[in-house]
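Convention: sequence-line order gives letters A, B, ...; per-chain numbering from 1.
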Amino acid sequence: MTTSYRKRLTANDTGETGGHQAGICVPRDDDALLSFFPTLDPAVFNPDAWLLCEDDSGVEWRMRYIYYNGRLHGRNTRNEYRITHMTKYLRRWGAKVGDSIVFTNKSTPFHYGIRLEREADSMSAEEDPLPGLIILRGWKRVF
DNA sequence: AGCCATGCACCG
DNA sequence: CGGTGCATGGCT
């Protein structure tokens with residue numbers, strides 16, 4: 001039983017805006033999506049976990065899944081999940097704005113399959129057969 | 001909520 | 001010293 005989630009890449013995600021690639025944002029208001037990724041303890045300040053993501057060519061990339069939660073600890077205003085360490089992978093596959101990165105969970109915890117969907121391909125899957133399954137702007141579950 | 005941006009540390 | 005990522009602030 002596998003599940004996949006897709007995130008459409010923005011200019012900031014690909015580094016085109018000149019940002020230092022702090023990572024893509026993971027919406028925190030979707031329980032299914034949060035349980036899809038490892039649990040990060042809110043009681044811990046800025047907890048993180050390493051994801052082992054295997055791409056289509058069998059190469060495994062380590063990505064950092066982190067919960068910036070300083071707001072919960074009175075340290076700052078942050079309260080959001082992020083996935084960082086994607087720059088090498090994105091460059092390897094020449095990711096562009098509009099392309100999507102797809103995470104598919106494996107049977108082993110912390111292990112995921114990743115795939116880059118070109119804009120043209122993801123477009124066809126853009127019309128959703130089941131309304132209500134769209135997760136916010138960037139993220140969406142795929143079947 | 002989500003995307004854009006940056007000062008600094010670290011490391012090759 | 002340039003690239004990368006951390007942690008955070010800012011803007012919409």
Exercise. To the nearest Å, how far apart are A/Y89 OH and C/dT4 P?
Worked result: 17 Å

Exercise. In whole angstrom, what separates A/E16's CD from B/dC3's C1'?
Worked result: 14 Å

Problem set entry | Contact under 4.0 Å: A/T84 side-chain N or O vs C/dC6 OP1/OP2 | yes

Problem set entry | Distance below 4.0 Å between A/T77 side-chain N/O and C/dT8 OP1 or OP2 | no

Problem set entry | A/I24 CD1 - B/dA1 C1' separation (whole Å) | 15 Å

For this session: Give a yes or no on whether the ring-centroid distance for A/Y112 and A/F36 is below 6.0 angstrom.
Result: yes

Exercise. If you check the A/R64 side chain, which of B/dC3, C/dC6, C/dG5 turns out closest?
Worked result: C/dC6

Exercise. Near DNA chain C, which residues from residues 39-57 of chain A have a heavy atom under 4.0 Å away?
Worked result: A/F45, A/N46

For this session: Establish, yes or no, whether a centroid distance under 6.0 Å links the rings of A/F37 and A/Y65.
Result: yes

Exercise. Nearest-Å distance, CE (A/M86) to P (C/dG3)?
Worked result: 21 Å

For this session: Determine the contact category for A/N12: base if any of its heavy atoms lies under 4.0 Å from a base atom, sugar-phosphate if only primed atoms, P, OP1 or OP2 are that close, otherwise nothing.
Result: base

For this session: Round to a whole Å and report the spacing from OH of A/Y68 to P of C/dG5.
Result: 12 Å

For this session: Select from A/R91 and A/E80 the residue whose nearest nucleotide in DNA chain C is closer to the 5' end of that strand.
Result: A/R91

For this session: Using side chain to side chain contact (heavy atoms under 4.5 Å, CB included) as the criterion, point out the one residue from A/L34, A/D48, A/N79, A/V44 that pairs with A/Y67.
Result: A/N79

For this session: Could you tell me whether A/E54 and A/K106 make a salt bridge, using a distance below 4.0 angstrom between a side-chain N and a carboxylate O?
Result: yes

Exercise. Which is true for A/R75 with a 4.0 Å heavy-atom rule: it touches a base, it touches only sugar-phosphate, or it touches nothing?
Worked result: nothing

Exercise. Going by an N to O cut-off under 4.0 Å, is there a salt bridge joining A/D99 and A/R118?
Worked result: yes

Seminar exercise, completed: Closest to the 5' end of DNA chain C, once A/R78 and A/H85 are matched to their nearest nucleotides, is A/H85

Seminar exercise, completed: Rounded to whole Å, the CG-C1' distance (A/N79 to B/dA1) equals 11 Å

For this session: Would you indicate, yes or no, if C/dG3 has its OP1 or OP2 atom less than 4.0 angstrom from a side-chain nitrogen or oxygen of A/T87?
Result: no

For this session: Whole angstrom is fine here: how far is it from OH in A/Y67 over to P in C/dA7?
Result: 15 Å

Exercise. With a non-hydrogen cut-off below 4.0 angstrom, is A/I66 in contact with a base, only sugar-phosphate, or nothing?
Worked result: sugar-phosphate

For this session: Take atom CD1 of A/I83 and atom P of C/dC6, then tell me their distance rounded to the nearest Å.
Result: 12 Å

For this session: Nearest-nucleotide wise, let me know which of A/C25 and A/Q21 is further upstream toward the 5' end of DNA chain B.
Result: A/C25

Exercise. Are the ring centres of A/W50 and A/H85 closer than 6.0 Å?
Worked result: yes

Seminar exercise, completed: A/Y89 and A/L116 have their tightest heavy-atom pair at OH-N, 3.4 Å

Exercise. Under the 3.5 Å rule, do the base of C/dG5 and the side chain of A/H20 count as making a donor-acceptor pair?
Worked result: yes

For this session: Mind running salt bridge (Lys or Arg N to Asp or Glu O under 4.0 Å) on A/R6 and A/E117 for me, showing each step along the way?
Result: CA-CA 9 Å; A/R6 165 156 51 91; A/E117 259 183 24; 3.5 Å; yes

